[in-house]
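Report on the structure given below.
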Amino acid sequence: TSWLYRIPAGCSVPIHAGPGYALCQIITGRGKLVLPSDREIDYCAPELYIFEPGALHGWSDVVEDTLLTVCEVKAEDS
């Protein structure tokens, strides 16, 4: 399943996790990727992040409107 998200400059997305693998492609924009333990990574489009199921992450300090696609792939049942 895929989604297109827009995060306006000045906004943030709280830390969250998904049930499957997620490919997050930053198409436009600039800000910070937030990880557990207050770790932050600057992002500037174009970027690609791959998250494993349950990986906590969020977006903050968005200084340029950010457009990203998220493709979620279900993890195989054990």
Interatomic distance, CD@Glu52 vs CD1@Ile50, rounded to 0.5 Å, equals 9.5 Å
Kindly compute the distance separating CD (Glu64) from SG (Cys44), expressed to the nearest 0.5 Å. 6.5 Å
Ile27: which other cluster members, linking ILVMFWY side chains closer than 4.5 Å, directly or transitively? Leu4, Leu67
Main-chain N/O of Pro8 paired with Asp65 side-chain donor or acceptor, under 3.5 Å: no
Between Ser12 and Ser60 the two heavy atoms that sit nearest each other are CB-CA, 3.9 Å
Looking at CG of Leu68 and OH of Tyr43, how far apart are the two atoms once the value is rounded to the nearest 0.5 Å? 7.5 Å
Are Pro19 and Glu72 close enough that some pair of their side-chain heavy atoms sits under 4.5 Å apart? yes
Output for pair (Leu23 CG, Phe51 CZ), nearest 0.5 Å, gives 10.0 Å
Qualifying residue for side-chain contact (heavy atoms from CB on, under 4.5 Å) with Trp59, from Ile15, Ile26, Val34, Thr66: Ile26
Could you tell me whether the side chain of Cys71 reaches within less than 4.5 Å of the side chain of Ser2, counting heavy atoms only? yes
Pairs satisfying side chain to side chain donor-acceptor pair (under 3.5 Å), at least one member in residues 14-26, at least two apart: His16-His57
Residue pair Tyr5 / Val13, side-chain heavy-atom distance below 4.5 Å: no
What is the minimum heavy-atom distance between Val62 and Cys11, and which atoms define it? CG2-O, 3.3 Å
In this structure, CG of Leu48 is separated from OG1 of Thr69 (nearest 0.5 Å) by 8.0 Å
For Ala45 and Thr28 the tightest heavy-atom approach is CB-CA, 3.4 Å
